[in-house]
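Take a look at the structure below.
Ligands are counted one by one from 1 in listed order, and the atoms in each one are counted from 1 as well.
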Amino acid sequence: MEPLYTDIVLPLAQEAFSYRVGEALRNSITEGRCVKVQLGHSKLYTGIVWRLHDRKPPYKTIKEVDSYVENAPMLSPLQMRFWEWLAEYYMCTLGEVMRAALPSALKPEGFSAEEFARDMFRPRSVQYVRLHPDLHGTEALNDTFESLKRATKQYAALVELVANLPEERLFEAEILRSQLSAETPILQALVKKKIILLEARELAAGELPPLPERLPALTPAQTRAMQEIGQGFATHEVVLLHGVTGSGKTEIYIRLIDQQLRQGRNVLYLLPEIAMTSQLVERIRSYFGERVIPYHSRFPERTRVERYLRANRSRGGELILGVRSSLFLPINDLGLVIVDEEHDTSYKQTDTAPRYQARDCAVVLARLAGAKTLLGSATPSLESWANATEGKYGLVSLTERYGGALLPQMIISDTMRAVQRGERNVHFNKALTDRIAAALTAGEQVMLFQNRRGFSPYVECGTCGWVASCPHCNVTLTFHKADGMLRCHYCGYALPLPPRCPACGQGAVESRGFGTEKVEEEITRLFPSARIARLDRDTMQNPSKFRAIITAFTRHESDILVGTQIITKGFDFGGVSLVGILNADNLLNYPDFRAAERAFQLMVQAAGRAGRRQRQGEVVIQTSMPEHPLIRQVAAGDYLAMARRQLAERSAFFYPPYCRMVGILLRHRDKMLLWRAANRLGDDLRGIFGRRLLGPQPPPVDRIREEFLVTFLLKVERSRSFAQAKVLLAEAIARLHGKAEFRSVTVVCNVDPQ
Ligand code: ADP
Ligand code: ZN
Ligand code: ZN
C-alpha cells in the first residue's frame with residue numbers, strides 16, 4: 001500500500017503536523033527523511049517524516065509534501081526512538097528535540113525557496129585530477145609528451161601530474177588538484193586536449209589511522225579496576241567507576257575505548273564542559289589521532305555539520321568526544337558511552353527544552369543501542385551512588401592515586417579564631433597566606449577557589465543603605481572592577497558604578513562580600529611579585545583567552561590561579577601544591593537539598609588539583625564552621641560517610657533519589673494575573689496529587705527580565721508511575737491554558753530539576 005499521509009515533525013514547540021504525500025514522493029518516502037514543507041502561508045521549514053499512514057487528517061485544506069531537503073541525512077530508527085523517549089520523559093515536543101538535535105544547516109528554513117536554499121548545507125567539494133581514459137599505455141603517454149614540447153607550461157604540468165601518480169596505477173589513479181602547482185588555465189588546456197580529467201567531488205573520507213600499538217601500562221590497581229569493569233558489564237548495562245582524583249580514570253577509559261575501536265564499534269565520550277575538551281582531546285588524540293571526532297557548540301556551524309555527517313557515515317572504529325549535545329549525533333554501532341565527571345551539574349540543560357540530563361540520557365541511548373555505559377567520578381552523584389549500591393549499576397572503586405601520589409593534606413582553618421587572634425588579612429587567614437608564601441618560595445603553584453565571580457556580590461550606600469539592583473530582575477547587581485561596571489548575572493543588564501549614592505545623593509557606594517576579581521586584587525597586593533591569573537565565566541566568554549590562561553598555567557607561566565568552580569573541573573596541572581578554598585560557608589548555606597552534596601563535590605574536586613605528581617599537596621579550607629559534619633567529611637576525604645548521611649536525610653525528607661521530581665515554573669509580566677493562574681493550577685494539581693505538590697511559591701529570584709516567577713515542586717514516590725504523573729500534570733496545564741485569561745502565562749516543566 002502506498003502511504004497517503006504523513007505526520008511531520010517541525011522544529012517548533014508543537015505537535016506533529018499532517019500532510020498529504022505528493023505523487024512524486026509516493027515511491028521513495030520513508031520515516032525519518034527530511035522534507036521541505038510549507039507551514040501557514042509563507043514559511044518553509046525542514047520537517048521530519050515521523051509517521052506514514054492512510055488516515056485523512058480532519059483539516060479543510062491539507063498541504064502536500066513534495067520535496068526532500070538535499071544533503072540532510074535521514075534519522076535512524078534508533079534516533080527516532082531516542083527522540084521519542086526524550087520528548088516523553090522531559091515533557092516537551094519532538095519539535096523541541098529536533099531544534100536541539102540538528103545543527104541549523106541541516107534544518108534550513110526561510111520565507112522563500114531562495115532563503116531556504118541559502119540556509120541549506122552544501123558539502124565542500126574538492127577537485128581531483130587524473131589522466132584521460134583515452135590515454136592508456138606508455139606509448140600514448142610518450143606521444144602526448146612529444147606533442148606538448150612547444151607548450152612548455154602544459155608539458156611541465158603533465159610531468160608534475162605523472163610524477164605524483166603512483167607508478168603502478170598511472171592510468172587509473174587520481175590525485176588532489178591542490179597537489180599540483182600548475183595554474184588553472186594550463187590544466188584546462190590539458191582538459192580540452194583530452195589529456196587529463198578534472199573532477200569536482202565531495203572530499204573522500206580519509207582512511208582511519210591505525211590503532212595505537214602501545215597503550216599506557218596500567219598499574220595493578222588499574223588493571224584490577226579494568227577487570228572489574230569487564231565483570232560489571234557482564235551483568236549490568238551501567239557501571240559506575242568511583243576513582244579518587246588522580247587515580248588514572250582517563251587511562252582506563254583509553255583502554256576501554258581501544259577495546260571497542262578494535263572491535264569496529266564506535267564510542268561516545270561525554271564531558272561536562274567545553275572548557276575541558278581541548279586538554280582531553282589532545283591527550284586522547286595522542287593515541288587515536290584522527291579517529292577522534294570532537295564535538296561542541298563552539299565549533300563553527302559548518303564544522304558541526306561535517307562532524308554530524310561523519311558520525312552518520314562512520315563504519316565503526318571512531319570516538320566522538322564532546323559535551324552533552326553530542327548525544328544527538330547519529331552514531332551507528334555504538335559499543336560504549338563514557339560519562340566522565342558524571343556528577344557534574346553541567347550535564348543538565350535547564351534553560352531551554354528539552355531540559356535533559358545528559359548522563360541519564362546517555363544510559364537510555366546506550367540501552368536503545370545495545371551498548372554499555374560507564375559513569376566515572378571521584379565524587380559520584382548520589383543518584384548514581386544509590387543505583388550502584390542498590391545493585392542496579394555495577395560498582396568499581398579505585399582508591400589510590402597513580403604513581404603513589406598522596407591525596408592532599410587537608411587543613412581546616414577556622415575563620416572566627418583567625419579573626420580573634422588578629423590572624424586574618426581581609427579575606428585570608430594566616431594559615432593560608434603562610435602556605436601561599438611557602439609555595440611561591442618553593443617555586444610551586446597555587447589555586448584559589450571562590451564561588452563567586454565579579455568583584456563583590458553587591459554594592460551598598462554607606463549612609464542610607466541603598467543597594468544597587470537590576471531594574472529588570474529582582475537581584476542585586478554585581479560590581480566588576482575591571483571595567484567599573486555593575487552587572488546583572490541573570491539578564492546581563494549593566495551600568496557604570498555611580499560615584500555617589502543615587503538614592504540619598506551623599507553616601508559613598510561601598511562593596512560588600514567578595515568575588516573572584518576582589519580575590520585577585522587582594523592577592524596581588526599581598527604577593528606583589530607573584531604572577532596571577534583569573535578564570536571564571538567572565539574570562540570564559542572568550543574561548544581563546546580562556547585557553548591561553550589554562551596553557552600559561554600548565555606551563556607555569558603564572559603562579560596563582562584564582563577562579564570559580566570552573567577551576568575545580570578535571571584539569572590536570574602538574575605543578576600545583578596548594579589549593580585554597582576561601583569560603584566554604586556559602587557553599588554549605590545554599591538553600592537547596594543538594595547543597596551538602598555539591599559542597600562536598602566542589603571541595604573534593606578542588607582539592608584534587610593539588611599535589612598530583614611527586615609531592616603531597618595541601619588544601620586549606622577557610623570556614624567559620626570547622627565542626628560541621630560535611631567539613632569533617634571533606635577533610636577526611638570520606639565520600640562514603642557523606643553519601644550515607646546525605647542519603648539518610650534524603651530518605652527522611654523524601655527527596656531524590658527516593659522520589660522523582662518535576663519543577664513547575666510560571667512566568668508573566670503581570671504579577672496579579674500570574675498569581676491567579678498559579679493558584680488555579682495549584683488547586684487543580686492539589687486535587688490530583690495532594691501533598692505531593694509544594695507551592696505556589698516565589699523562587700529566590702522572583703523576577704527576571706521583567707517577568708515575575710512562581711514555582712511548584714511535584715514529588716512522586718518511586719513506587720508510583722512517574723510517566724502517569726507527568727501525563728496528569730500536562731493535562732492540568734492544558735486545562736489552565738484552556739482559559740482565555742491564562743493563555744499568555746508561560747508554564748515550564750523541568751523534569752528532574754537540579
Ligand atoms: P583522574 O581522571 O582519575 O583524576 P588522570 O587520568 O587524570 O586521573 O590521571 C592522573 C595523572 O596520572 C595523569 O597525569 C596521568 O597521565 C597519570 N597516569 C595515570 N595512570 C597512568 C598510567 N597507567 N601510566 C602513566 N601515567 C598515568
Ligand atoms: Zn545613600
Ligand atoms: Zn537583570
Side-chain angles (χ1 to χ4, degrees), residues 214-226 241-257 269 271-272 276 279-280 282-284 286-287 338-344 374 376-380 396-405 407-408 459-478 485-495 498-510 554 568-576 604-614 617 701-707 709:
R214 223 181 298 143
L215 292 173
L218 297 187
T219 64
Q222 290 170 338
T223 307
R224 191 179 38 72
M226 269 296 284
L241 173 61
H242 175 215
V244 296
T245 53
S247 57
K249 292 185 288 296
T250 322
E251 258 49 43
I252 292 179
Y253 302 153
I254 290 169
R255 287 270 170 165
L256 292 167
I257 292 166
Y269 186 151
L271 279 171
M276 287 166 59
Q279 218 186 20
L280 193 74
E282 245 171 75
R283 196 163 152 194
I284 301 281
S286 70
Y287 293 102
I338 296 168
V339 185
D340 200 0
E341 311 291 351
E342 67 88 33
H343 63 278
D344 200 295
L374 182 70
S377 174
T379 52
V396 176
S397 305
L398 200 49
T399 51
E400 55 189 65
R401 282 188 147 187
Y402 172 72
L407 281 164
V459 294
E460 192 178 67
C461 167
T463 307
C464 74
W466 168 87
V467 173
S469 57
C470 178
H472 311 291
C473 312
N474 222 348
V475 281
T476 54
L477 296 173
T478 301
M485 298 295 273
L486 291 169
R487 270 207 181 86
C488 173
H489 285 185
Y490 284 81
C491 72
Y493 171 84
L495 94 168
R500 291 271 134 216
C501 167
C504 67
Q506 306 169 9
V509 179
E510 296 160 6
T554 311
T568 67
K569 296 193 178 186
F571 293 112
D572 185 11
F573 301 119
V576 176
V604 170
Q605 292 288 346
R609 306 308 118 206
R612 293 201 125 210
R613 300 269 153 87
Q614 293 82 16
V701 176
D702 66 354
R703 186 168 153 255
I704 296 177
R705 292 190 181 93
E706 307 288 354
E707 285 188 310
L709 313 175

Task: Steps toward side chain to side chain contact (heavy atoms under 4.5 Å, CB included) verdict (Leu280, Tyr269) - done: CA-CA 11 Å; Leu280 193 74; Tyr269 186 151; 3.3 Å; yes
Open item on the list: If you count heavy atoms of other groups shown closer than 6.0 angstrom to OH of Tyr493, is the number above 12?
Closed with: yes
TODO: Please note down the angle at the Zn ion (ligand 2) between SG of Cys504 and SG of Cys501, to the nearest 10°.
DONE: 110°
- [ ] Give yes if a backbone or side-chain nitrogen or oxygen of Gly243 is under 3.5 Å from a nitrogen or oxygen of ligand 1, and no if not.
- [x] no
TODO: Give a yes or no on whether the backbone of Pro216 and the side-chain of Arg255 come within a donor-acceptor separation of less than 3.5 Å.
DONE: yes
Open item on the list: When you compare ligand 1 with Leu218, is there at least one nitrogen or oxygen pair between them that comes in under 3.5 angstrom?
Closed with: no
Open item on the list: For Glu251, is there an ion pair with Arg283 - N to carboxylate O distance below 4.0 angstrom?
Closed with: yes
Open item on the list: Any nitrogen or oxygen of Pro216 lying under 3.5 Å from a nitrogen or oxygen in ligand 1? Just yes or no.
Closed with: no
- [ ] Could you tell me whether the side chain of His242 and the main chain of Leu398 form a donor-acceptor pair under 3.5 Å?
- [x] no
TODO: Decide whether the shortest distance between a heavy atom of Arg283 and an atom of ligand 1 is less than 4.0 Å.
DONE: yes
Task: Ligand-side contact atoms (ligand 1) for residue partner Gln222, heavy atom cut-off under 4.0 Å - done: 19 (C), 20 (N), 21 (C), 22 (C), 23 (N)
Open item on the list: Using the rule side chain to side chain donor-acceptor pair (under 3.5 Å), only one of Thr568, Thr379, Thr245 pairs with Gln605; which is it?
Closed with: Thr379
- [ ] At a cut-off of 2.8 Å, list the protein N/O/S atoms near the Zn ion (ligand 3), residue plus atom name.
- [x] Cys470 SG, Cys473 SG, Cys488 SG, Cys491 SG
Open item on the list: Looking at Arg500 and Gln506, would you say the former's side chain and the latter's main chain have a donor-acceptor pair under 3.5 Å?
Closed with: yes
- [ ] With the side chain counted from C-beta on, respond yes when Glu400 and Pro220 share a heavy-atom pair under 4.5 Å apart, and no when they do not.
- [x] no
Task: Nitrogen or oxygen atoms of Thr245 and ligand 1 under 3.5 Å apart - done: no
- [ ] Measure the distances from the heavy atoms of Ser247 to every atom of ligand 1 and state whether one is below 4.0 angstrom.
- [x] yes
Open item on the list: What's the separation between atom CD1 in Ile704 and atom SG in Cys488, rounded to the nearest 0.5 Å?
Closed with: 8.0 Å
Open item on the list: I'd like to know whether ligand 1 has Val244 as a neighbour, heavy-atom separation below 4.0 Å.
Closed with: yes
